Amino acid sequence: MGERYVVIGGGLAGLAAAVWLSEAGKNVTLLERRGRLGGRTHAMRAEIAQDTPDNGQHVVASGYEHLWRYLSSVGTRQFIEFPKSSTLRWPDGRSTTMQTTGLGALRTLFGVHPDAGVADRLRAARATLRLGWQALHQPADLANLSTEQWFERVGMPAPAREALWDWLALGIAAEPVARESAKVFANVMATGFRLGVKHRTPVTIGYPTVDLDTLYISGALKVFEERGVDVRYRSVARRIRIENGAVAGVLLADGTEVPADAVVCAVPNSNIGGLLDDLPEHPEIYAAADKLGYTPIVSTNLYLDRPLGTESAFEGLIGGTGVIDEVFDRQIMHGRSTERAWLYCLTTSGAYEQIHKSNDEIIDEQLALLSRYYPAAREAQVVQAQVVKMPKATFSQVVGTDALRPPQRTSVPTLVLAGDWTATDWSATMESAVQSAAKAVDLLLELRQ
Ligand SMILES: Cc1cc2nc3c(=O)[nH]c(=O)nc-3n(C[C@H](O)[C@H](O)[C@H](O)COP(=O)(O)OP(=O)(O)OC[C@H]3O[C@@H](n4cnc5c(N)ncnc54)[C@H](O)[C@@H]3O)c2cc1C
């Protein structure tokens with residue numbers, strides 16, 4: 001029968017850990033408290049539109065090395081596309097194209113704002129170089145600064161911030177620049193440079209061309225079936241039982257115990273409480289989980305009776321609701337049929353105000369927002385609308401949190417942690433989740449070498 005490896009949590013971190021442990025020939029049980037896998041990345045059903053949208057639009061960076069490994073393992077790597085450009089729009093009808101490759105990418109970096117004059121562009125170029133330098137050689141006080149303070153310090157001009165940097169920072173850490181930790185942003189920039197140099201190409205943004213279940217779960221289920229991974233749905237883990245410095249089992253909420261010789265604990269910081277009670281350092285980990293807190297994201301899937309007139313797969317709406325909004329055109333992204341409706345997905349990161357509004361209020365607001373940027377939206381009828389409010393979308397990457405993330409290794413060698421909130425060189429992203437799983441699996445496999 002061999003040693004029993006138990007993975008707690010069927011989000012991306014747990015899925016990747018279970019896939020890779022089973023690839024290594026291990027006997028794996030995956031415990032998931034819900035009736036489905038995927039955690040914070042999953043598809044949903046839109047009955048009226050007869051469609052399968054996602055719980056929130058997810059984009060990927062070309063530097064997501066571990067995510068590519070996962071997609072290769074589950075056979076879905078071909079379902080990611082990298083557009084060469086995207087569009088930024090202003091409410092008065094102005095728009096600009098952001099190039100992500102070649103010389104156009106440099107223009108984007110140094111200021112694509114339609115109002116930016118030569119002096120602004122020169123200032124933006126100088127500030128961008130300073131940012132890059134300081135990301136690689138970080139000033140000692142960076143951890144005490146917000147990203148906004150850092151932008152001010154390097155002299156980033158307002159047009160470049162509006163057209164690129166604030167948007168990028170919000171995308172990276174889902175927090176408005178006034179709250180976001182400059183250190184988190186700098187670390188991700190440094191990782192981006194490292195990967196850019198390694199692969200000799202700048203890091204760009206891509207998107208899935210299929211729904212998230214097809215991308216992440218269908219292939220994993222095939223691997224689990226082939227390799228005999230025991231997936232237990234609605235299994236809520238309560239405590240990892242440790243005896244004589246080694247994992248002995250996982251106690252479930254229903255009072256039963258799953259025997260285990262090794263455990264990957266891949267639950268988010270919001271769910272860690274109680275699970276590690278037997279681990280000597282649990283007070284520090286619980287305290288860090290608590291301090292890391294949460295940031296809200298609100299996603300709206302709007303099915304409209306007509307096209308909006310978007311030019312790119314995803315477009316940034318500048319000067320929208322105070323928070324920068326993005327519109328994803330699923331027709332361009334997925335090549336979906338428009339027989340029933342056109343689907344536009346809107347994501348608001350750092351949605352501290354929106355999260356408290358009713359679904360109807362949010363839908364009205366989003367339609368009003370679209371109407372300011374796309375004339376076609378003013379006449380559009382809503383065929384179906386879904387609002388997904390995630391108050392705990394990711395841990396919060398505000399000033400003072402960067403040193404809190406716990407490592408995957410614990411003082412008990414057969415117990416390892418995974419999840420986007422554990423220590424990795426990415427912010428709270430899918431890459432962080434799978435990178436943490438790769439580290440956790442390596443630690444367990446090293447024990448048996
Ligand atoms: C709306 C939205 C948009 C996002 N956009 C992006 C993006 O564009 N790009 C990007 O890279 N990232 C994005 N993210 C972040 C990304 O989704 C997460 O970082 C990643 O999915 C986290 O994976 P995880 O496995 O660490 O955690 P989770 O996905 O939360 O998985 C944890 C799993 O553990 C289970 N669980 C919890 N407690 C227990 C227990 N006691 N017993 C058993 N099971 C348990 C949960 O049910 C869950 O399935 C976004 C997140 C959201 C919410």
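We use all heavy atoms of the structure for the numbers below, so side chains are in, but hydrogens, waters and symmetry mates are not. As the structure is a computational prediction, the values presented were derived from the model and not from experiment. Throughout, residue positions are numbered sequentially from 1 according to the sequence presented. All ligand and atom numbering here is 1-based and tracks the order in the structure.
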Could you see which bit of [X] sits under 4.0 Å from ligand 1, with heavy atoms only: side chain, backbone, both or neither?
X	value
Ala418	neither
Val60	neither
Ser235	backbone
Tyr64	side chain

### Message
Under 6.0 Å from the ring centre and within 45 degrees of the ring axis: does the NZ or CZ of Arg405 meet both conditions for the six-membered ring of Phe395?
### Response
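Arg405 over Phe395 ring: no.
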
### Query
Going by the atom numbers of ligand 1, which of them fall below 4.0 Å from some non-hydrogen atom of Gly10?
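Matching atoms, with element in brackets: 33 (C), 34 (O), 49 (O).
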
### Task
Using a strict cut-off of 4.0 Å, indicate which atoms of ligand 1 neighbour a heavy atom of Asn271.
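Listed by number with element, the hits are 37 (C), 38 (N).
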
### Query
What's the verdict on side-chain hydrogen bond (donor to acceptor under 3.5 Å, both in side chains) for Ser73 and Trp20, showing C-alpha distance, side-chain angles and the deciding distance?
CA-CA 8 Å; Ser73 293; Trp20 291 329; 3.0 Å; yes

### Query
Are Asp54 and Arg330 close enough for a salt bridge, meaning some N to O gap below 4.0 Å?
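Salt bridge: yes.
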
### Message
Check this for me: does any side-chain nitrogen of one of Asp51 and Arg340 sit under 4.0 Å from a carboxylate oxygen of the other?
### Response
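Salt bridge absent between Asp51 and Arg340.
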
### Task
Ignoring hydrogens, just give me the one of Arg40, His58, Arg238, Met390 whose non-hydrogen atom is nearest atom 51 (C) of ligand 1.
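Looking at heavy atoms only, His58 sits closest to atom 51 (C) of ligand 1.
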
### Query
Partners of Arg227 by side-chain hydrogen bond (donor to acceptor under 3.5 Å, both in side chains), sequence neighbours excluded?
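Result, side-chain hydrogen bond (donor to acceptor under 3.5 Å, both in side chains) vs Arg227: none returned.
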
#### Entry: Partner set under side-chain hydrogen bond (donor to acceptor under 3.5 Å, both in side chains) for Arg36, not counting sequence neighbours
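Arg36: side-chain hydrogen bond (donor to acceptor under 3.5 Å, both in side chains) contacts with His42.
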
### Task
Would you confirm whether Tyr70, through its side chain, and Leu15, through its main-chain N or O, come within 3.5 Å as a donor-acceptor pair?
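No, Tyr70 side chain to Leu15 backbone: no donor-acceptor pair under 3.5 Å.
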
Nearest protein heavy-atom contact for [atom]: which residue, which atom, what distance?
atom	result
atom 35 (C) of ligand 1	Glu32 OE1, 3.3 Å
atom 15 (C) of ligand 1	Ala428 O, 3.8 Å
atom 42 (N) of ligand 1	Ala237 N, 3.0 Å

Report yes if some N/O of [X] lies less than 3.5 Å from some N/O of ligand 1; otherwise report no.
X	result
Ala13	yes
Met430	yes
Glu431	no
Ala433	no
Leu12	yes
Arg34	yes
Thr41	no

### Task
Going by the side chain to side chain donor-acceptor pair (under 3.5 Å) test, name the single residue among Thr424, Asp420, Thr394 that passes it with Ser432.
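With Ser432 as partner, Thr424, Asp420, Thr394 yield a single side chain to side chain donor-acceptor pair (under 3.5 Å), made by Thr424.
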
### Intermediate values then yes/no, side-chain contact (heavy atoms from CB on, under 4.5 Å), Trp165 and Thr128
CA-CA 9 Å; Trp165 289 99; Thr128 302; 3.6 Å; yes

### Query
If you count the non-hydrogen atoms of other residues, nucleotides and ligands that lie under 6.0 Å from CZ in Arg241, is the total more than 12?
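Yes - once you tally the heavy atoms of other residues, nucleotides and ligands closer than 6.0 Å, there are more than 12.
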
### Task
For atom CD of Glu225, decide whether the heavy atoms of other residues, nucleotides or ligands shown that lie under 6.0 angstrom number more than 12.
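For Glu225, atom CD is not crowded (no more than 12 foreign heavy atoms under 6.0 Å).
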
